[in-house]
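Being a predicted model, the structure only gives us computed values, none of them experimental. Throughout, protein chains are lettered first and strands after them, A, B, ... in sequence-line order, and every chain is numbered starting at 1.
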Amino acid sequence: MPQIFTPAANTVAKASIVGGFLLVASLLSSVFYLGSTSYVTRQQDVRPQPVPFSHRHHVNQLGIDCRYCHTSVEESNFAGLPQTKTCMSCHSMVWTDAPMLEPVRESYATGESLEWVRVHDLPDYVYFNHSIHVNKGIGCESCHGAVNEMALMFQENSLQMMWCLECHRNPEAHIRDRADIYKFESQPDYDPPADQLALGEQLVRSYKVNKIQLEDCSICHR
Amino acid sequence: MKSNQYQLTSLGLLCLICVTTLAACRQDMHDQPKYEPYEVSSFFDDKRTARNPVEGTIARGNLRADDHLYTGKVNGELATTFPFEVTREVLERGQERFGIYCAPCHSSIGDGNGMIAQRGGSSMKQPATYHSQQMRDMPVGHFFDVMTNGFGSMYSYSERISVRDRWAIAAYIRVLQMSQNASIEDVPAAQRQRLIMGEQ
């Protein structure tokens, strides 16, 4: 009977020990890597909506404030989506018979809600609150990107824990004057500060941002 | 030997299953059996999770006993006074709210020439200017009433603007009316000089 194992088998056996570890490690890291790709976080991904609503048109061209539609963003954890009546407060007067707006008119006539597809959706085990961010000087743009230029809504940032923490560890890099919360860098009436960090440090102090607790697990996982 | 190979493959398979289930099982906690705001409900006929309170419900502290504050009327007549003191803060709040909810149509100075009115053009009923004599003579209660109940083709804003904010906006409309119809004599003497210098 010939030998099954040649001397080279020793090396193979040793290599396979290391190889086994490498295999498991690479499997694990690819799972983590896949988890942070835009395929999983669905960044930049446009959802089909009942009406192709354009923020660029309504915000940049018409100059409507976010709060005309997202009324509760300053007072509650939920920014709120506009009722059909809010659309109709204008579209009963302008573009009254555009075919694109048929679902809006129908919803207003029948009382059935328009079903907007959620674009941003944190897992249910995370607690998030708009009002605290807005009132402590974090602008819509810091989290949602240049909404004023979005013809159709998409998610700009990953919304993963790492992303939240990046700002919670270092709010100075993002905080703005409260008067600029609803403004965007590409708009002419907003010019970003020359020295963001200097302004940031000053605002963190004057708005009494409670930095010590911002990394506690329990503020986001309650 | 055979069994050795068998063990290796099954170990490999086990690893793979562990890793994939680990990656997959988190979805359970992502979407828990609770409703988020405005989520579609399969339970209610109208598919809304946001329910209206039963007709006639009064939340604590929301008994609308003060007619003046909640209806803008005193003894059935439009109020000519404000239900609370108008301070600088109230005016600033009114200015901000006016900019959000009214300026798109009425413009930031209230002449009725806002962006939507311009876009609507002749095909839409144009908002009236606040600077006619008739509007200056209107009791403040009228402005409160228009916001609360709507007026002609203008919709009501009562769902979106709180009662106190509606009064703050009404106060700010008074400010606009005053400022658009002001003469140099209305400026306090101390500031008058600065204004004249600035104009040159």
Please classify the contact between [X] and chain B as side chain, backbone, both or neither, with a heavy-atom cut-off of under 4.5 Å.
X: A/F78; result: side chain
X: A/T86; result: both
X: A/L81; result: both
X: A/E115; result: side chain
X: A/N77; result: neither

Does the ring centre of A/F53 sit less than 6.0 Å away from the ring centre of A/H58? yes
Examine whether an atom of [X] lies under 4.5 Å from a heavy atom of chain A, and if so say whether it belongs to the side chain, the backbone or both; otherwise answer neither.
X: B/E39; value: neither
X: B/Q118; value: neither
X: B/R160; value: both
X: B/Y38; value: side chain

- Taking NZ, NE, NH1 and NH2 as the nitrogens, is one of them in A/D65 or B/R97 under 4.0 Å from a carboxylate oxygen of the other? no
request  = May I ask you to decide whether B/R93 forms a salt bridge with B/E89, counting only side-chain N to carboxylate O separations under 4.0 Å?
outcome  =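 Salt bridge: no.
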Contact leader toward chain B among A/G20, A/C66, A/S92, A/S72, where contacts are heavy-atom pairs under 4.5 Å
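Top count of heavy-atom pairs under 4.5 Å with chain B: A/S92.
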query = For B/F144, which residues count as a ring pair (Phe, Tyr, Trp, His ring centres under 6.0 Å) partner, sequence neighbours excluded?
reply =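 Counting only residues at least two positions away or on another chain, B/F144 forms a ring pair (Phe, Tyr, Trp, His ring centres under 6.0 Å) with B/W167.
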Looking only at B/E159, B/E96, B/M154, most heavy-atom pairs under 4.5 Å shared with chain A are made by B/E159
Given B/K47, B/R119, B/K125, B/R48, the one with more heavy-atom pairs under 4.5 angstrom with chain A than any other is B/R48
Review point. When you check the side-chain N and O atoms of A/Y190 and A/Y182, is any donor under 3.5 Å from an acceptor?
Key: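 Judged by distance alone, the side chains do not pair up.
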N/O donor-acceptor pairs under 3.5 Å from side chains in residues 9-16 of chain B, not counting sequence neighbours:
{"residue": "B/T9", "atom": "OG1", "partner": "B/Q5", "partner atom": "O", "Å": "2.8"}
{"residue": "B/T9", "atom": "OG1", "partner": "B/Y6", "partner atom": "O", "Å": "3.0"}
{"residue": "B/S10", "atom": "OG", "partner": "B/Y6", "partner atom": "O", "Å": "3.0"}
{"residue": "B/S10", "atom": "OG", "partner": "B/Q7", "partner atom": "O", "Å": "2.9"}

Less than 4.5 Å apart, side chain to side chain, heavy atoms only: is that true for A/F128 and A/C220?
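Heavy-atom side-chain distance check fails, nothing below 4.5 Å.
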Discussion item. Would A/R178 and A/Y207 count as a cation-pi pair here, with the cationic atom under 6.0 angstrom from the ring centre and within 45° of the axis?
Written reply: yes
